[in-house]
Amino acid sequence: KMKLFVKYGRINFVAILAVLFIGSIGYYYIIRYVLIHQLDDTLKVEEQEILDFVQKKEKLPEPSHYRDQSVYFTETDQEIRRKFSSVKLNGHYRQIQFPIFASGRRFIATVSKSQEEADDLIGLIVLITAFILMLLFLVLFFVNRLLLRKLWRPFYTTLGSIKEFNLSSQQSI
């Protein structure tokens with residue numbers, strides 16, 4: 001009697017689990033992309049501040065190192081392009097390197113910003129999302145179970161009547 005219901009439940013369970021799993025992976029990478037993009041925008045602002053400083057003062061600003069950000073300059077004779085990268089120093093950092101000219105010399109400016117806040121935020125979002133997905137899964141499981149039991153009841157009642165029906169008796173179904 002319950003074979004069809006159990007089979008449907010298993011298929012439904014696997015399908016929901018697969019969709020939630022794939023969706024969670026996609027969600028993680030989208031959130032990570034957005035937060036890294038936001039960090040890159042912050043680094044662009046720092047780059048523009050350094051370029052403005054050099055344009056006004058015609059010299060490099062002092063290298064600095066704060067809790068979550070560092071700025072330093074390296075003299076070079078090579079042509080470089082602006083580039084973003086993620087590095088592991090004493091933690092995860094996002095950095096921008098760009099060329100800068102000051103006092104007639106060429107430098108590579110490097111601005112590094114800690115990714116720890118973004119990583120912590122991603123961790124929190126993942127935790128909250130996992131909790132919500134588990135809650136959603138449980139609600140779907142129980143609602144589905146109750147709803148399907150009511151929905152299939154007339155079918156199983158009719159099926160039971162058909163099984164009990166005897167052609168030799170004059171009873172109607």
Side-chain angles (χ1 to χ4, degrees), residues 8-147:
Y8 172 80
R10 285 184 187 151
I11 292 170
N12 198 23
F13 175 79
V14 170
I16 288 173
L17 203 59
V19 167
L20 291 177
F21 182 72
I22 292 168
S24 296
I25 291 171
Y27 181 69
Y28 168 80
Y29 282 107
I30 289 169
I31 293 294
R32 190 172 189 286
Y33 172 80
V34 167
L35 290 174
I36 295 297
H37 187 74
Q38 185 179 11
L39 202 51
D40 287 350
D41 287 345
T42 303
L43 290 170
K44 287 177 190 174
V45 169
E46 293 295 327
E47 173 190 27
Q48 192 57 51
E49 288 177 3
I50 291 170
L51 291 172
D52 290 346
F53 182 90
V54 169
Q55 188 177 19
K56 287 179 186 171
K57 307 270 183 168
E58 296 182 6
K59 66 176 188 169
L60 293 175
E62 290 294 317
S64 60
H65 183 73
Y66 301 108
R67 185 181 60 137
D68 67 337
Q69 180 177 310
S70 66
V71 178
Y72 60 93
F73 307 94
T74 309
E75 191 169 356
T76 186
D77 56 352
Q78 298 176 2
E79 288 271 336
I80 69 150
R81 293 173 152 206
R82 177 173 100 171
K83 71 174 184 175
F84 292 92
S85 58
S86 293
V87 293
K88 278 191 175 186
L89 300 169
N90 292 332
H92 291 97
Y93 286 85
R94 186 75 178 162
Q95 73 179 18
I96 184 173
Q97 291 182 316
F98 58 93
I100 191 162
F101 297 93
S103 306
R105 301 187 322 218
R106 183 185 323 213
F107 295 89
I108 298 171
T110 304
V111 181
S112 302
K113 192 148 181 69
S114 175
Q115 258 183 254
E116 286 183 33
E117 285 182 23
D119 291 343
D120 290 345
L121 189 57
I122 288 172
L124 181 64
I125 289 171
V126 166
L127 187 66
I128 290 170
T129 303
F131 176 74
I132 290 172
L133 288 176
M134 292 286 285
L135 190 63
L136 176 66
F137 185 73
L138 286 171
V139 167
L140 282 173
F141 177 76
F142 288 113
V143 166
N144 217 358
R145 193 167 174 90
L146 293 172
L147 185 66

Phe107 to Ala102 - nearest heavy-atom pair and separation: CE1-O, 3.7 Å
Decide if atom CZ of Arg32 counts as having more than 12 heavy atoms of other residues, nucleotides or ligands within a radius under 6.0 Å. no
Euclidean distance, Leu35 CG relative to Ile122 CD1, rounded to 0.5 Å: 5.0 Å
Should the pair Lys113-Asp68 be classified as a salt bridge under the 4.0 Å nitrogen-to-oxygen rule? yes
When you look at Tyr28 and Thr129, which way does the side-chain contact (heavy atoms from CB on, under 4.5 Å) test go after all the steps? CA-CA 9 Å; Tyr28 168 80; Thr129 303; over 6 Å; no
Atom CD1 in Ile108, atom CZ in Phe73: separation rounded to 0.5 Å? 12.0 Å
I want to check something: taking the side chain as every heavy atom from C-beta on, are Gln115 and Ile36 in contact at a cut-off of under 4.5 Å? yes
Less than 4.5 Å apart, any side-chain heavy atom of Val111 and any of Phe98? yes
Taking every heavy atom of Arg81 against every heavy atom of Pro99, the minimum-distance pair comes out as C-CD, 4.3 Å
Using a 4.5 Å cut-off on heavy atoms from C-beta on, say whether the side chain of Asp40 contacts that of Ile96. no
Near Phe21 CZ, under 6.0 Å, is it more than 12 heavy atoms from other residues, nucleotides or ligands? no
Close side-chain approach of Phe84 and Leu39, heavy atoms under 4.5 Å: no
To check you understand the geometry: which heavy-atom pair defines the closest contact between Glu58 and Ser103, and what is its length? O-OG, 3.8 Å
Measure the shortest side-chain to side-chain distance between Gln78 and Arg106 over non-hydrogen atoms and say whether it is less than 4.5 angstrom. no
Test salt bridge (charged side-chain N to carboxylate O under 4.0 Å, His left out) applied to Glu62 - qualifying residues, sequence neighbours left out: none
Given side chains that start at C-beta, do those of Leu133 and Ser24 come closer than 4.5 Å, heavy atoms only? yes
To the nearest 0.5 Å, how far apart are CG in Leu127 and CD1 in Ile132? 10.0 Å
Which donor-acceptor pairs under 3.5 Å do side chains of residues 42-55 form with protein atoms, sequence neighbours excluded?
{"unit_1": "Thr42", "atom_1": "OG1", "unit_2": "Gln38", "atom_2": "O", "d": "3.2"}
{"unit_1": "Glu46", "atom_1": "OE1", "unit_2": "Gln69", "atom_2": "NE2", "d": "3.1"}
{"unit_1": "Glu47", "atom_1": "OE1", "unit_2": "Arg82", "atom_2": "NH1", "d": "2.8"}
{"unit_1": "Gln48", "atom_1": "NE2", "unit_2": "Asp52", "atom_2": "OD1", "d": "2.9"}

Quick one: ring-ring contact (aromatic ring centres under 6.0 Å, His included) partners of Tyr72, sequence neighbours excluded? none
Interatomic distance, Gln97 atom CD to Thr74 atom OG1 [nearest 0.5 angstrom]: 8.0 Å
Leu140 and side-chain contact (heavy atoms from CB on, under 4.5 Å): which partner among Ile16, Leu135, Asn12? Ile16
Say you draw a straight line from CG of Leu17 to CD1 of Ile22; how long is it, rounded to the nearest 0.5 Å? 10.0 Å
